[in-house]
K.L.:
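Handing you a structure now.
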Amino acid sequence: MRLSELKTGESATILKVLGHGGFRRRIMEMGFVRSQRVTVKLNAPLKDPIEYNIMGYDISLRRSEAEMVVVLSDDEAAGELGEKSRATTETTETAPVPETTTADACDCNTLDEVIRRHSRTISVALIGNPNSGKTSLFNAISGGHEHVGNYSGVTVGAKVGHRTYRGYRFEITDLPGTYALSAYTPEERYVREHLLQRTPDVVINSVVASNLERNLYLTTELIDINPRMVVALNMYDELQASGAKLDYESLGAMLGIPMIPVEARNNKGIEELLDTVIGVYEGGDARVRHIHIGMGSCIEEGLRRLNADMSAHRDELPKSFPPRYFAMKMLEGDRQVEALLHDCPRYGEWSALRDREARRIADALGEDVETAFANQKYGFIQGALKETFTPGTSEAVTTTTVIDTFVTHKLWGFPIFFVLMWLMFRCTFDLGAYPQEWIAALVEWIGDAVRTLVPEGILRDLLTDGVIGGVGAVIVFLPNIMILYLFISFMEDSGYLARAAFIMDRVMHRVGLHGKSFIPLIMGFGCNVPAIMACRTIESRSSRLITILITPFMSCSARLPIYILLTGTFFAAHAGAVMTALYILGVVVAVVTSRLLRRFLFPVDETPFVMELPPYRLPTWKTTLSHMWDKCAQYLRKMGGMILVASIIVWLLSYFPRTDRTDTHSVTHYENSYLGRLGKGCEPIFSPLGLDWKAGVALLSGVPAKEIVVSTIGVLYSEEATASSVPEAAIIGGADSSTTIYVADPDENGAPAIELLETPDNASLPARLRASGDFTTASAAAFLVFILLYFPCIATISAIGAEAGWKWAVGAAVYNTLLAWGLAWIVYHLVALF
Amino acid sequence: MDWQEYIVAAIAVAACIWVVRRMRCVFRKDGGCSSCAETNCPLRKDKKRR
């Protein structure tokens with residue numbers, strides 16, 4: 001808890017002091033240091049200031065200052081010691097608790113040990129430019145499996161991990177990549193907000209060692225804030241490979257920050273980094289010192305005046321950042337800082353002083369204050385690097401340039417992109433077909449085993465028709481999903497996806513968007529949810545909104561099982577072409593929707609953007625396979641979660657009420673079940689599309705997750721008479737009990753056609769679908785188009801609601817469904833003509 | 001009811017409880033992932049905090 005939360009008369013032990021260096025030093029000099037006892041003597045009538053007794057004397061602190069002191073109250077300490085003694089007396093057998101995952105368990109016997117445990121928890125914030133390896137560093141430190149992509153904007157929120165090392169518990173927060181700490185982009189505001197509100201104990205600034213000049217700009221911004229900081233010189237192997245030399249000890253000494261070379265991808269330098277973080281946290285690292293980056297005499301004069309007044313009234317300022325930082329940001333006209341300080345009593349004077357000084361600086365230097373600040377900082381960086389850095393031959397950059405010559409070429413760029421896309425989808429479907437058969441055989445074997453082992457009854461029906469029929473129908477597509485994600489992961493990690501966005505920029509402009517919108521749209525082919533969240537990196541509000549709204553038209557991997565099932569069943573000779581047409585249709589609808597939105601709702605695109613092109617990196621097989629497996633593990637978790645539960649519920653609705661106990665698989669039984677009644681109720685909506693109640697029920701079941709459509713079809717067609725739609729009179733007998741021959745309508749020459757049908761006992765789902773007669777080619781095409789376009793899954797709707805607002809989420813659901821119905825109707829009637 | 005029906009009834013109740021619990025995600029202020037198995041699901045984060 002914080003010192004400000006203690007009530008009059010309560011006592012506590014100090015654990016740590018947060019805030020910027022100057023504030024912490026001042027507070028600690030007053031005696032507020034770790035392990036000291038402090039008692040609240042008096043709260044002033046308006047609860048500010050508060051009088052404390054510490055080290056035998058009385059001292060007053062403002063409430064805002066007391067909020068920056070973390071304490072352990074006597075009640076909390078007693079509670080923790082009490083829990084420990086309760087745990088040891090009541091528990092006779094306890095499983096060993098892993099060191100890295102116990103957040104709440106206390107192995108402490110005395111108050112000193114409790115204090116020691118709390119004060120040995122270090123909160124660390126990982127900050128750096130996009131593509132500086134923060135997430136790799138995060139994974140290397142915490143052992144997490146967070147996704148790393150080689151393009152800007154992969155980390156769109158903060159991820160938290162932890163690790164225990166040398167008796168210290170590290171709580172690491174991986175923050176979004178930013179180039180600076182202004183208020184320009186959502187990521188910058190997010191990072192600054194995190195530093196202001198959460199005040200981490202130590203900041204690890206991830207800096208790309210081979211690109212110091214650009215990366216150190218953020219370091220200079222962090223120096224202004226004056227947190228306890230360590231610089232991780234990431235990808236140090238690339239610097240060495242280029243032949244460059246960096247005297248990082250001297251550079252660190254100049255900046256007053258310890259610098260540690262690391263290779264996060266290869267797990268090198270991590271322990272040295274953690275040792276340094278501990279040293280900085282404990283105040284024992286001699287390399288740490290606070291410097292002021294000189295802004296030149298003209299700017300310094302203005303800063304001095306504003307800073308002097310702010311420092312004199314520092315009690316009014318937030319304690320997380322030093323007064324000089326606020327002075328700098330006010331001079332720059334930072335809106336977020338102005339909003340933060342707006343309620344300060346001296347704000348009016350500061351604003352007037354700022355306006356005067358900003359005018360004077362602009363007149364003297366011939367440029368605005370923000371540009372002047374940036375130029376001074378880059379000058380500082382160049383000066384520091386001139387003394388400590390010797391450039392090499394930059395071979396890695398040369399390789400990137402050579403590849404980019406082709407990949408971003410105005411003639412060859414597009415064909416290369418389309419070939420890669422074709423290759424990706426071709427491999428997904430063709431290569432995936434082989435393991436698909438094996439998994440299907442395994443599922444069938446499991447079904448047979450259950451039928452053999454479990455006595456006949458409702459439980460056996462649930463297991464075979466519900467669970468195996470439902471989940472089995474979806475899990476066979478796991479190989480296809482794996483291959484698709486393998487390609488997407490490789491493209492992300494290598495840096496190609498950023499190039500694809502670059503070459504598509506002109507095309508995207510015709511659609512009313514930026515090239516930066518291209519990456520979320522491509523991600524949407526995997527899953528719409530992370531694709532929508534990745535839209536946060538788009539600075540322009542209108543472009544961000546449009547991209548979010550058209551992402552559901554990117555046919556996600558959840559729809560892949562449905563496409564493969566229906567195209568393989570009803571368009572066997574042209575399955576590939578039909579699936580390609582579906583994906584293209586989704587893209588076309590997205591383009592049209594984007595243009596309509598841009599024309600009628602968002603005519604103005606507010607913000608220019610910078611598209612980063614990171615150097616190419618050959619991802620390790622371990623990394624790519626790890627990412628692929630993460631996605632597949634997510635797919636499998638879905639199997640064991642939502643898909644399994646949905647299959648059970650769909651089966652229950654199709655099984656009850658039990659009208660005919662001897663044949664729960666007859667069409668009559670299904671029609672009279674709850675599911676059938678629901679489907680019949682919706683049939684008027686779907687019948688114009690050539691779809692019956694079963695197809696309608698399958699479509700409705702796709703609302704929680706699209707994979708459930710296939711599992712519902714698997715349940716509904718689990719075992720069914722194939723001749724249900726064939727008139728009795730047409731059956732002329734069968735050679736054995738497993739086949740039926742019937743006379744179909746005469747062909748165009750008048751000769752009777754004889755068709756051989758398999759009975760459903762051992763037939764595959766496609767065969768059962770074909771034999772049921774419920775779908776024609778036209779209605780199957782309409783079904784596919786409807787699946788492509790209609791109501792996105794609930795997770796996608798939630799993501800749209802979270803990112804854009806619930807009004808847009810509901811609007812998207814309604815628009816998508818109406819559009820799906822309309823286009824499916826057109827497709828149905830068009831295909832029926834042939 | 002025989003033993004199979006008891007088991008199926010228990011499974012049905014568990015499934016309904018699971019669905020209701022997941023539907024909470026839909027009504028969260030910060031959105032949620034009511035049907036996908038993202039490791040950053042707010043529901044999971046809540047459990048970890050507790």
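In this text the structure is predicted, and so the values were computed from the model without any measurement. Lettering follows sequence order; numbering is per chain, from 1.
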K.L.:
State the CG-CD1 distance between B/Asp2 and A/Ile458, to the nearest 0.5 angstrom.
P.N.:
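Rounded to the nearest 0.5 Å, the CG-CD1 separation comes out at 8.0 Å.
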
K.L.:
Among A/Asp461, A/Leu463, A/Leu462, find the residue that satisfies the side chain to side chain contact (heavy atoms under 4.5 Å, CB included) test when tested with B/Val8.
P.N.:
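That would be A/Leu462.
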
K.L.:
Taking only residues two or more places apart in sequence or in another chain, which ones pass ring-ring contact (aromatic ring centres under 6.0 Å, His included) with A/Trp629?
P.N.:
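ring-ring contact (aromatic ring centres under 6.0 Å, His included) check on A/Trp629 returns nothing, list empty.
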
K.L.:
Specify the closest pair of heavy atoms between B/Ala15 and A/Ile649, including all atoms of both residues, with the distance to one decimal.
P.N.:
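Nearest pair, atom of B/Ala15 first, then A/Ile649: CB-CG1, 4.3 Å.
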
K.L.:
Tell me the closest heavy-atom pair linking A/Val454 and B/Gln4, and the distance in Å.
P.N.:
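Shortest heavy-atom separation between A/Val454 and B/Gln4 comes out as CG1-NE2, 4.2 Å.
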
K.L.:
For a quick test of your reading: what N or O donor-acceptor pairs under 3.5 Å do the side chains of residues 523-535 of chain A make, sequence neighbours left out?
P.N.:
unit_1: A/Asn528; atom_1: OD1; unit_2: A/Arg559; atom_2: NH2; d: 3.4
unit_1: A/Asn528; atom_1: ND2; unit_2: A/Gly524; atom_2: O; d: 3.1
unit_1: A/Asn528; atom_1: ND2; unit_2: A/Thr551; atom_2: O; d: 3.4
unit_1: A/Asn528; atom_1: ND2; unit_2: A/Met554; atom_2: O; d: 3.4

